[in-house]
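Report on the structure given below.
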Amino acid sequence: MNVSSEKMPESVVTISVEDLLQMGVNEIAAIRMIETDSGRAYGIFSANGVQLGSAPTRDIARAAAVQNDLHPVDIN
């Protein structure tokens with residue numbers, strides 16, 4: 001089966017990379033370890049990669065996300 005020669009159904013919607021990055025931007029907080037001038041910390045990032053803050057521990061970073069109505073997701 002050659003998928004590239006088949007026509008996509010009209011119900012399929014294509015989105016740009018920029019649109020994909022904006023999905024979940026107000027709902028998800030990515031939590032990952034970062035290096036700061038003071039040593040290791042946990043960064044809190046929006047879905048599009050903008051750093052929202054940091055915390056000294058993963059638990060505090062996750063709690064900060066929840067307190068701000070964001071769903072925390074751990075990433076490496």
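Basis for what follows: all heavy atoms, side chains included, without hydrogens, waters or symmetry-related copies.
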Can you tell me how far CZ of Arg32 sits from CG of Asn76, rounded to the nearest 0.5 angstrom?
10.5 Å

Exercise: identify the closest heavy-atom pair between Arg58 and Asp74
NH1-OD1, 3.1 Å

Can you name the nearest heavy-atom pair linking Ala61 to Tyr42, along with the distance?
CB-CB, 4.0 Å

Evaluate Asn48 against Ser46 for side chain to side chain donor-acceptor pair (under 3.5 Å), listing each step before the verdict.
CA-CA 5 Å; Asn48 66 357; Ser46 67; 2.4 Å; yes

Is Ile31 reachable from Met33 through a run of hydrophobic residues whose side-chain heavy atoms are each under 4.5 Å from the next?
yes

Output the distance between atom CZ (Arg62) and atom NE2 (His71), rounded to the nearest 0.5 Å.
7.5 Å

Among the clusters formed by ILVMFWY side chains lying less than 4.5 Å apart, do Val66 and Ile44 turn up in the same one?
no

Leu52 and Leu70: side-chain contact (heavy atoms from CB on, under 4.5 Å), yes or no, with the steps?
CA-CA 11 Å; Leu52 303 172; Leu70 297 170; 4.0 Å; yes

